[in-house]
Amino acid sequence: MSGKLVVTRRNEQIVTAIYENNQICELQFDSEKMIRGAHTAIVLGNIYVAKVQNIVKNINGAFLEIGKEQLCYYSLTDNKKPIVLNATNRNFIAVGDLLLVQIQKEAMKTKLPGATSYLNLTGKYLVLTVGKCSIGISNKIQSLEERNRLKTWMSKKISKEYGWIVRTNAEFVSEEKLEQEATLLIKKYESLMSVAKYRTSGQLLYEAPVPYLTALRDQKEESIARIVTDDTVLYTNLKQYLEEYQPEDSHKLELYEDSMISLSNLLGLEKEIEEAIREKVWMKSGGYLIIQPTEAMTVIDVNTGKAMNKKRVQDHFLQINLEAAKEIARQIRLRNLSGIIIVDFIDLDTDEAKETLLATLRKFVAKDRIKTDVIDMTKLNLVEITRKKILKPIYEQMKERG
C-alpha cells in the first residue's frame with residue numbers, strides 16, 4: 001500500500017491530490033469561499049426543499065428554485081417517483097409544488113445543476129437509495145462468493161422506502177462495520193424525512209461533506225497509506241471526520257510542519273498542475289498525446305514522436321499504444337474528463353494487436369472510481385470511451401473556483 005492523499009491550500013483554493021505509486025492520478029480544486037459558505041451555494045450531494053417554478057413539456061423537464069434566484073434542472077423522464085411535500089400519493093408534479101431533491105450534477109458551462117428525487121445518502125461502504133428499493137453490488141467486486149455474502153446480508157436491510165448500493169470499499173468488510181454504517185444512514189434518512197415536511201422552499205436539509213472529505217471517504221481503505229496536510233484547520237477537520245466516520249484510518253493522518261520547504265514544493269505540485277492542463281503529454285518512449293476538450297467530447301490523439309525501424313514498425317506502434325493506454329487512463333482521472341472521449345491510437349494491422357490494446361485500456365480504466373467504459377474500436381481505429389459526468393474537468397474547476 002503506497003497511496004497518498006494530500007490536502008493543501010493554493011491561493012483561495014483547497015487542492016486535493018491523490019497519488020498512487022508516487023505518481024499523481026487525481027486532482028480536485030475547490031473554492032474556500034464555497035466551502036465556508038456551502039449553505040449559500042448549490043453543492044453536489046446537498047438535499048434541498050425546492051419549488052417547481054416551471055414545467056417544460058417539450059423537453060419533459062422542470063425548473064426548480066432552490067434559494068433566491070438559484071435554479072436547477074429536474075428531468076421528468078428520469079424521476080418517476082417525485083417526493084412532493086405538499087401532497088400525498090401523487091406521482092406527478094405541478095407548478096408551485098415543493099419537492100425534496102438532491103443535486104446530482106454540478107452546473108457545467110451553460111447547463112444548470114441537475115436535481116433528482118432519488119436521494120442517495122452515501123457512506124464509505126454503503127449508499128442508502130431513496131425510492132429505489134433494490135440491492136446493487138459494485139461491479140468492481142468480482143468474487144461471486146463475496147457478492148452473494150453482501151447481497152444476502154443487505155437483503156435484511158431493505159424496506160418499502162429505500163434500497164442499498166454496496167460500494168467497492170465494502171469488499172471483505174466485516175458485517176459489524178456494515179451494520180454500524182447502515183444504522184447511521186437509516187437514522188440520517190429518518191431524520192431527513194421527519195423534518196422535510198415542515199420546511200419551506202429553498203431550505204438546505206442535508207449538507208454533503210466538503211469535497212476533500214468526500215475524496216477521503218471514497219478511497220479504498222487499503223489504497224491509502226498516508227493522509228497529509230500542511231494546514232492546521234484542514235488537519236483538524238480531517239481528524240474530526242476520521243475519528244467519527246473512519247477511525248480505522250485515523251493513524252494515517254499527518255500534519256506536515258517543515259518550515260524550510262512547503263508541502264507543495266516538496267511534492268512539485270505546481271509543476272504537476274501545469275502538466276495536468278497542458279495539451280501535450282510526453283511519454284517515456286518518445287511518443288506523446290494531444291488532449292483537446294471540445295464542447296461535445298474530448299479528443300485524444302496518440303503520436304509516435306520520432307522515427308523508427310521500418311522492419312518492426314507494427315511492434316513499435318503496439319508498444320507506443322500500450323504505453324499510451326496506461327497514460328490515457330491516468331490523464332482521464334487526473335483531468336477529470338467525462339462524457340464521450342474519442343482516442344485516435346496509432347493504426348494497428350492485426351486483430352490480435354487491437355484486442356491486446358483494448359484489453360490493456362480496459363484494465364487501466366478499471367482503476368477509476370468513477371464509472372468509465374471502453375466501448376469499442378471503430379473501423380477507423382478510433383476508440384470510444386464514456387465516463388460518467390459528475391464534477392467539472394479540472395481546467396474548469398481552476399478557472400471558476402479560484
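Throughout, numbering of the chain's residues begins at 1 and tracks the sequence. Here the structure is a predicted model, which means the values were calculated and not measured. We use all heavy atoms of the structure for the numbers below, so side chains are in, but hydrogens, waters and symmetry mates are not.
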* Asked: Which atom names give the shortest non-hydrogen contact between Glu146 and Phe172, and what distance separates them?
  -> OE2-N, 2.6 Å

* From Ile227 CD1 over to Lys252 NZ, what is the distance, rounded to the nearest 0.5 angstrom? -> 6.5 Å

* For Lys105, does the NZ atom sit with more than 12 other heavy atoms under 6.0 Å from it, leaving out its own atoms? -> no

* To do: Scan Asn169, Thr122, Asp249, Leu242 and name whichever one has a side-chain contact (heavy atoms from CB on, under 4.5 Å) with Arg217.
  => Thr122

* Nearest-0.5 Å distance that lies between atom OH in Tyr125 and atom OG in Ser138 -> 14.5 Å

* Asked: Taking side chain as C-beta onward, heavy atoms only, is Asp231 less than 4.5 Å from Val7?
  -> no

* Asked: Under 30°, 30 to 60°, or over 60°: which ring-plane class applies to Trp164 and Tyr162, parallel, tilted or perpendicular?
  -> perpendicular

* Taking it one step at a time, do Val343 and Val302 satisfy side chain to side chain contact (heavy atoms under 4.5 Å, CB included)? -> CA-CA 8 Å; Val343 184; Val302 181; 4.1 Å; yes

* Asked: Does atom CD of Glu248 have more than 12 heavy-atom neighbours from other groups under 6.0 Å away?
  -> yes

* May I ask you to decide if Gly163's main-chain N or O and Thr129's side chain share a donor-acceptor pair within less than 3.5 Å? => yes

* Asked: Does Thr229 reach the main-chain N or O of Tyr235 with its side chain, forming a donor-acceptor pair under 3.5 Å?
  -> no

* What side chain to side chain donor-acceptor pair (under 3.5 Å) pairs are there with at least one residue in residues 274-284, not counting sequence neighbours? -> Glu279-Gln292

* Whether over 12 other heavy atoms sit under 6.0 Å from Lys132 NZ -> no

* Asked: Going by distance alone, is a donor N or O of one side chain under 3.5 Å from an acceptor N or O of the other, for Gln331 and Glu327?
  -> yes

* May I ask you to test the Thr356-Asn321 pair for a side-chain heavy-atom distance under 4.5 Å? => no

* Nearest non-hydrogen partners of Ala324 and Phe345, listed with the distance -> CB-CE2, 4.2 Å

* Glu323 side-chain N/O to Met283 backbone N/O, donor-acceptor pair under 3.5 Å -> no

* **Donor-acceptor contact below 3.5 Å, side chain Asn11 vs main chain Gln13** => no

* Does CG in Asn21 sit with more than 12 non-hydrogen atoms of other residues, nucleotides or ligands closer than 6.0 Å? -> no

* What is the minimum heavy-atom distance between Leu361 and Ile385, and which atoms define it? -> CD2-CD1, 3.9 Å

* Find out whether Gln104 and Asn120 are in side-chain contact, i.e. whether some heavy atom of one side chain is under 4.5 Å from a heavy atom of the other. => no

* To do: Test ring pair (Phe, Tyr, Trp, His ring centres under 6.0 Å) on Phe63 and Tyr73 and set out the steps.
  => CA-CA 5 Å; Phe63 294 96; Tyr73 176 72; 5.8 Å; yes

* Verdict with reasoning, Lys51 to Glu65, per salt bridge (Lys or Arg N to Asp or Glu O under 4.0 Å) -> CA-CA 5 Å; Lys51 186 176 183 180; Glu65 186 176 24; 5.7 Å; no

* Asked: Between the main-chain N or O of Gln219 and the side-chain N or O of Lys124, is there a donor-acceptor pair closer than 3.5 Å?
  -> yes

* Any sub-3.5 Å donor-acceptor pair from Asp344's side-chain atoms to Leu382's backbone N or O? -> no

* Steps toward side chain to side chain contact (heavy atoms under 4.5 Å, CB included) verdict (Glu384, Thr378) -> CA-CA 8 Å; Glu384 182 182 354; Thr378 71; 5.9 Å; no

* Audit row: Tyr48, Leu64, side chain to side chain contact (heavy atoms under 4.5 Å, CB included) steps and yes/no -> CA-CA 10 Å; Tyr48 300 88; Leu64 312 182; over 6 Å; no

* Asked: Is there a donor-acceptor contact under 3.5 Å from the side chain of Glu254 to the main chain of Val228?
  -> no

* Do Leu178 and Leu150 touch side chain to side chain, with heavy atoms closer than 4.5 Å? -> yes

* **Closest approach of Thr360 to Ala325 (non-hydrogen atoms, all atoms of both residues)** => CG2-CB, 4.2 Å

* Do Val166 and Glu171 touch side chain to side chain, with heavy atoms closer than 4.5 Å? -> no

* Asked: Does Arg147 reach the main-chain N or O of Ile141 with its side chain, forming a donor-acceptor pair under 3.5 Å?
  -> yes

* Does atom NZ of Lys4 have more than 12 heavy-atom neighbours from other groups under 6.0 Å away? -> yes

* **Which atom of Leu213 lies closest to which atom of Asn237, heavy atoms considered** => CD2-O, 4.3 Å

* Asked: With sequence neighbours left out, what residues match Glu270 under salt bridge (Lys or Arg N to Asp or Glu O under 4.0 Å)?
  -> Arg10

* **Under the salt bridge (Lys or Arg N to Asp or Glu O under 4.0 Å) test, residues paired with Glu243 that sit two or more places apart** => Lys239

* Asked: Is there side-chain contact between Leu318 and Leu348, with at least one heavy-atom pair below 4.5 Å?
  -> yes

* Test: Glu20 and Lys367 ion pair at under 4.0 Å -> no

* With side chains defined as the heavy atoms from C-beta onward, is the minimum distance between Gln28 and Tyr212 less than 4.5 Å? -> no

* Do Leu121 and Tyr206 have side-chain heavy atoms sitting under 4.5 Å apart? -> yes

* Asked: Given Thr16 and Glu26, is the side chain to side chain contact (heavy atoms under 4.5 Å, CB included) satisfied, shown in steps?
  -> CA-CA 8 Å; Thr16 306; Glu26 289 186 33; over 6 Å; no

* Which heavy-atom pair separates Ile66 from Ala50 by the least distance, and what is that distance? -> CG1-CB, 3.7 Å

* Examine the side chains of Glu179 and Thr183 and answer whether a donor and an acceptor come within less than 3.5 Å of each other. => yes

* Using atom types as modelled and distance alone, determine if a side-chain donor or acceptor of Arg167 lies under 3.5 Å from a backbone N or O of Val127. => no

* Return yes if some donor-acceptor pair links the side-chain N/O of Arg387 with the main-chain N/O of Ile341 below 3.5 Å, else return no. => no

* To do: Give me the one residue out of Ile291, Ile342, Ile340 that meets side-chain contact (heavy atoms from CB on, under 4.5 Å) with Thr298.
  => Ile291

* Asked: Taking Ser117 as the fixed residue, which of Leu100, Asp78, Ile93, Val101 is the one that meets the side-chain contact (heavy atoms from CB on, under 4.5 Å) rule?
  -> Val101

